[in-house]
**Q** 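The structure is given below, and queries will be raised subsequently.
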Amino acid sequence: MREIRLHDTAAGKVAPLVAREPGRIGIYACGPTVYSRIHLGNARPYVVFSLMKRFLEHEGLAVTLVINVTDVNDKIYTAARAAGVPSAELAAEMTAAYVADTDALGVGRPDHEPLASETMDAIVAYIQALIDSDHAYVAAHASNGANGADGADGADGARDVFFRVRSDPGYGSLSHRHIEDMDQGEGVEGSERKEDPLDFALWKARKADEDTCWPSPWGDGRPGWHIECSAMAEGLLGTEIDIHGGGSDLVFPHHENEAAQTRAARGSELARAWVHNGMIQATGEKMAKSVGNIAPLADVVERYGPSAVVMYLISGHYRQPLSYSQKALEQAQANVTRIREAGRRLSRGPSPVALEPLRDRFFDALADDFNTPEALSAINAWIRAAAGADNGLEAGDEHLREMLDVLGLAQLLAAPVQAPPEVNELVAKREDARGRRDFAAADGLRAQLAQLGWDVRDGAAGPELVARDPDRA
RNA sequence: GGCGACGUGGCGGAGAGGCUACGCAGCGGCCUGCAAAGCCGUGUACACCGGUUCGAAUCCGGUCGUCGCCUCCA
């Protein structure tokens with residue numbers, strides 16, 4: 001088996017992936033907060049870690065991929081209020097939309113997709129463990145509502161619980177920053193109840209305008225953002241997870257806090273390797289809902305097709321920023337078309353042994369910090385070589401299928417769609433016209449066929465029908 | 001202000017001390033009634049200024065610029 005190397009944010013370098021348990025790899029990636037439809041930027045980690053799983057499986061490892069859904073969160077409350085629907089309803093609706101939107105990409109589903117709302121017992125127990133070990137504390141005063149809108153806030157005695165950041169000597173080791181260097185911004189919600197401005201919330205006492213809450217030893221409330229991931233990840237994968245991933249914007253504070261919680265409560269690291277993908281940029285900056293430069297995933301898939309979207313996402317190295325533009329997606333579409341055309345010229349079956357080095361180059365590239373652009377380059381080289389041999393007529397598609405499958409693009413080699421009878425009739429009429437050298441009539445029929453979504457290519461072996469854009473049915 | 005990335009040919013985007021990916025677009029050719037698809041050929045790029053070296057786009061220092069994080073964020 002190849003040695004697989006990945007960039008670990010904590011170590012700050014590319015290092016060999018050594019499975020916690022031989023032959024098995026657990027991956028936990030942070031998924032979306034479901035308060036609206038996801039955008040292209042949210043899709044990047046989904047695709048990166050899904051494809052990483054496929055690659056590791058190809059290398060003979062048993063992989064468990066977990067991508068969580070944050071369905072309890074301030075933004076959800078805010079969005080639900082604005083929409084005039086219960087927050088749980090909005091969250092459920094957007095979770096379903098997220099599943100549909102990512103399903104459309106065709107790269108597979110994670111093995112587990114835990115919801116924060118369904119992990120409450122474990123979250124509460126986790127917080128209790130942190131309190132018991134003195135790494136967390138219950139706020140001295142009941143929350144009185146940050147907005148002061150309702151004097152009854154917290155009257156039931158519900159309290160916030162905070163994590164004592166300075167109690168973790170390892171704090172900052174993931175994001176490589178020192179506590180002293182941090183802006184200790186004031187004015188953050190709940191700051192007056194914290195012992196230290198650095199501390200972050202594990203449990204938030206229920207506010208009057210929040211329509212969901214869960215019971216706890218500290219009163220009704222809900223979990224903070226970071227604790228849910230520690231709890232969900234541990235519940236499904238344990239600690240010292242092989243790979244913990246997400247967008248690079250999560251390194252601090254989200255992942256730093258997760259790591260601190262796990263060290264404090266369990267005495268071990270949450271993850272052995274932290275893998276972060278770069279941001280997608282639009283209009284020169286990070287694509288984000290708060291910036292307003294987002295491209296909803298569903299729209300992009302609708303417009304360019306799922307294969308082109310996946311191709312676009314792997315056209316750059318996962319750790320680098322990736323620019324979003326119409327042109328970039330169109331290029332990805334052209335690349336997809338090129339591969340599909342190549343597949344058309346291949347027979348089904350074993351590939352020439354002489355092409356194995358190119359296939360190996362593909363997998364070696366992925367083993368080297370998941371270098372998809374280099375891997376794509378190997379595919380192109382393979383295609384060129386395969387096509388060069390007897391016009392490609394003798395080459396089988398096995399290698400190409402194997403490579404594309406890891407990228408979630410094997411559908412590009414799907415058998416061509418059969419044309420309906422009326423289309424074939426038009427082709428026959430056109431052949432007739434061509435036989436009479438009535439090219440005006442022939443060209444007219446070709447235009448008609450194009451209207452119906454079929455291209456005709458006149459080859460030595462007769463006309464070939466090609467469905468236009470089968471990726472966008 | 002602190003921490004960290006990055007500046008590559010028209011565009012996207014790898015790589016990396018000497019062997020100068022790959023794709024898209026363009027151009028020329030073959031094929032074709034014309035197309036389409038394909039094939040062949042074609043572009044000597046690495047922000048700037050110094051330094052190290054026989055040799056640097058690749059290492060070191062500086063300059064300029066862009067981006068990310070430090071606050072919710074994939």
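The figures here come from the full heavy-atom set of this structure, side chains too, leaving out hydrogens, waters and symmetry mates. The chains referred to below are lettered A, B, ... by the order of the sequence lines, with proteins before strands, and numbering in each begins at 1. Note that this is a predicted model, so its numbers are computed, not measured.
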**Q** How far does the C1' atom of G62(B) sit from the matching atom of U52(B), given to the nearest Å?
**A**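 Looking at atom C1' only, G62(B) and U52(B) are 15 Å apart.
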**Q** Are a donor atom and an acceptor atom from the side chains of His255(A) and His276(A) found within less than 3.5 Å of each other?
**A**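 Side-chain D/A pair, His255(A) to His276(A): present.
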**Q** For Tyr312(A) and C24(B), give me the distance from atom OH to atom P, rounded to whole Å.
**A**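 Between P of C24(B) and OH of Tyr312(A): 18 Å.
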**Q** Checking Asn380(A) against Arg338(A): is there a side-chain donor and acceptor pair closer than 3.5 Å?
**A**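 Their side chains do contain a donor-acceptor pair, which is all the 3.5 Å distance test asks for.
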**Q** Ignoring hydrogens and angles, answer whether the base of C34(B) and the side-chain atoms of Asp458(A) contain a donor-acceptor pair closer than 3.5 Å.
**A**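 Pair found.
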**Q** I need the CG-C1' distance between Leu174(A) and C70(B), as an integer number of Å.
**A**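 The distance from CG of Leu174(A) to C1' of C70(B) comes to 14 Å, rounded to the nearest Å.
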**Q** Looking at the base of G41(B), is there any donor atom on it, or on the side chain of Arg384(A), that sits under 3.5 Å from an acceptor on the other one?
**A**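 It does not, because no donor-acceptor pair links the side chain of Arg384(A) to the base of G41(B) below 3.5 Å.
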**Q** Can you identify which nucleotide, out of C69(B), A14(B), C11(B), has its nearest atom closest to the Asn371(A) side chain?
**A**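 The closest nucleotide is A14(B).
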**Q** Cation-pi check, Lys289(A) to Tyr35(A): give yes when NZ or CZ is under 6.0 Å from the six-membered ring centre and within 45° of the ring axis, no otherwise.
**A**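 Positive - Lys289(A) is close enough to the ring of Tyr35(A) and near enough to its axis.
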**Q** On the side chain of Arg446(A), is there an atom forming a donor-acceptor pair with the base of C34(B) - under 3.5 Å, no angle test?
**A**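 Yes.
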**Q** When you compare U42(B) with A36(B), how far apart are their C1' atoms, in angstrom units rounded to a whole number?
**A**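 Taking atom C1' in both U42(B) and A36(B), they lie 23 Å apart.
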**Q** Indicate whether OP1 or OP2 belonging to A74(B) is found under 4.0 Å from a side-chain N or O atom of Asn42(A).
**A**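 Yes, within the criterion.
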**Q** Does a distance-only test, which skips hydrogens and angles, find a donor-acceptor pair under 3.5 Å between the side chain of Arg319(A) and the base of A5(B)?
**A**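 Flag unset: no donor-acceptor pair detected.
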**Q** Does Gln320(A) reach a base, just sugar-phosphate, or nothing at all? Heavy atoms under 4.0 Å.
**A**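 Gln320(A): backbone/sugar contact only, no base atoms under 4.0 Å.
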**Q** Would you call the rings of His244(A) and Tyr28(A) parallel, tilted or perpendicular, taking 30° and 60° as the class edges?
**A**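 Geometry flag for Tyr28(A) against His244(A): tilted rings.
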**Q** Between the base of C11(B) and the side chain of Gln331(A), is there a donor-acceptor distance below 3.5 Å?
**A**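 For Gln331(A), whose side chain was compared with the base of C11(B), there is a donor-acceptor pair (under 3.5 Å).
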**Q** Could one point to a donor on the side chain of Lys327(A) or the base of C11(B) with an acceptor on the other under 3.5 Å away?
**A**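 By the distance-only test, no, there is no pair.
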**Q** Spell out yes or no: do the side chain of Asp443(A) and the base of G33(B) have one donor N/O and one acceptor N/O closer than 3.5 Å?
**A**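 Present.
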**Q** Could you tell me whether Arg37(A) sits above the aromatic face of Tyr98(A), with NZ or CZ closer than 6.0 angstrom to the six-membered ring centre and within 45 degrees of the axis?
**A**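 Geometry flag: not set, cation outside 6.0 Å or 45°.
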